[in-house]
Each structure stands twice: as C-alpha cells, then as structure tokens.
Amino acid sequence: MILSKIPLSFFQTKNVQEIAQNLLGKIIYTNINGQITSAMITETEAYQGPEDRASHAYNNKRTVRTEAMYKLGGCCYIYLCYGIHYLFNIVTNVHNIPHTVLIRSGKIHTGIEHVQERRGIHIQASKLLQGPGNFAKGLGINMNLNGVDVNTNHIWIINNEMQNPTIIKTQRVGIDYAGEDALLPWRYILKD
DNA sequence: GTGCCGATGATCT
DNA sequence: GATCATCGGCACG
C-alpha cells in the first residue's frame, strides 16, 4: 500500500455518492498552529447540490455562505451550524457544480492529546470525533479553512485503500425539511 | 441503553 | 423573527 496524498482530481469527478464512499477509510490530517492531528474517516454524507432539497445549494442558491460550494472540487466548505458547531464538507465536481461531502465521524489516528484538549471533555477515545460538530472541533477545523484546498500544509488527506470495506448506507441525518430527498440513502458508514 | 430539551448565533426573509 | 446538515446532560429504569 502506498501512503500518498490524494490529489485534488480525486474530488473533481461527477459522482458525489461515489466520492463520499471512497473517502471512507482515508486519513485526514490537520496542522493547526503546529499541532498535527489526524483521523480515519468513518462516516460521510453526499449532498447533490441543485437537485437535492437537503443541500444548501438547492436550486443553485448562491449566497455569501454557500460561495465555496461553487468552487472547483477539492476545497473545504465550512459553516456554523446551530450557532455552535462548525461542520466540515469537501466540495466535489467541477467549477460551478456545488456538490459536497459532509464528513460526519472519524477514528482518532494521531495527536490524541491535542484532540482531547480541543474537545475539553472527558470521554472515551472512540467517541472523540463522533458526530460532525465533534469531528471538526477535535481536528481544530473552523472558518479559517473555508475555501482552502485539502492538499495544503494545513489540511490534507492520505490514501488508505481498504481491502474489503463494508459500507452501511442509510438516510441522512437532520434534514427532515428536505421532503422526499430526506429518504435518499446517501449517508455512508464504515462498519467497525 | 432511549428520549427529551435548551444552548446559541449566522443567515436569510 | 424563524430557521437550522448538532451536542451533552439529565431523566428514566
């Protein structure tokens, strides 16, 4: 297995559901003020932009907040959720096609002491990066990374080909307002 | 283990 | 002024 940074071209293909599944098992790193932390991605959700009522870019809605979604695939889309949590997405597809993958959970890989300090709460290691708000907080992700490519010295992803990954597909979380689109099985969870 | 509920603030109407 | 891609604490039992 070759441990290499995944290129931005990985995110610039058309099928956001496929990209969301292929991200499972990969290792995402952040370097925040010299503190290096990383995690294996274990849960993602696909948001298919204009055609997806659950997406912030439904109907090509374009605002200051959603602007990063329209950039070329491979950059971060981050926003404040419920006034408290930063949620971390990766933009996919080509320029002006606002597809995104929400990273919902991870498994701590390196820098656990920094993650514990950022979380500021004593829980078992397996739960440190569980849930999208916790994932971003634990890895030190905030609005500073909005629009930044995921192959910089601040944030990057390492390839980690799984042998036989078992992927559980379910409905996405917290999007009841999306009507029929809330039923789509676009949430992907790595088993174990 | 499950279920309810308040916190909290940017964004959009 | 309402909405919201959430979380942790508390009440169960």
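The chains referred to below are lettered A, B, ... by the order of the sequence lines, with proteins before strands, and numbering in each begins at 1.
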Which nucleotide in C:dA5, C:dG8, B:dA10 has an atom nearest any side-chain atom of A:I121: C:dG8

Nucleotide forming a Watson-Crick or wobble pair with C:dA5, both distances under 3.5 Å: none

Pairing partner of B:dT8 (Watson-Crick or G-U wobble, both distances under 3.5 Å): none

Passing candidate, side-chain contact (heavy atoms from CB on, under 4.5 Å) with A:T37, options A:H109, A:R118, A:E113: A:R118

Aro-ring/base stack A:Y47-C:dA5, d under 5.5 Å, angle under 30°: yes

Sugar-phosphate only, base, or nothing, as touched by A:R104 at under 4.0 Å among non-hydrogen atoms: sugar-phosphate

Sugar-phosphate, base or nothing in reach of A:R119, heavy atoms under 4.0 Å: sugar-phosphate

May I have the distance from [X] (atom [atom1]) to [N] (atom [atom2]), rounded to whole angstrom?
X: A:E45; N: C:dA5; atom1: CD; atom2: P; value: 11 Å
X: A:Q48; N: C:dA5; atom1: CD; atom2: P; value: 18 Å
X: A:K137; N: C:dA5; atom1: NZ; atom2: P; value: 20 Å
X: A:Y82; N: C:dT6; atom1: OH; atom2: C1'; value: 6 Å
X: A:L80; N: B:dC12; atom1: CG; atom2: P; value: 13 Å
X: A:Y86; N: B:dG9; atom1: OH; atom2: C1'; value: 10 Å
X: A:H56; N: B:dC12; atom1: NE2; atom2: P; value: 10 Å
X: A:L87; N: C:dC7; atom1: CG; atom2: P; value: 7 Å

Whichever of A:M143 and A:I84 has its nearest DNA chain B nucleotide further upstream toward 5': A:I84

Nearest-nucleotide comparison on DNA chain B, the residue closer to the 5′ end among A:K127 and A:R62: A:K127

Salt-bridge contact A:D149-A:K71 (side-chain N to carboxylate O under 4.0 Å): no

Which residue lies more 5' along DNA chain C, comparing A:I123 with A:I175 via nearest heavy atoms: A:I175

Distance-only side-chain donor-acceptor flag, A:N93 / A:K14, under 3.5 Å: no

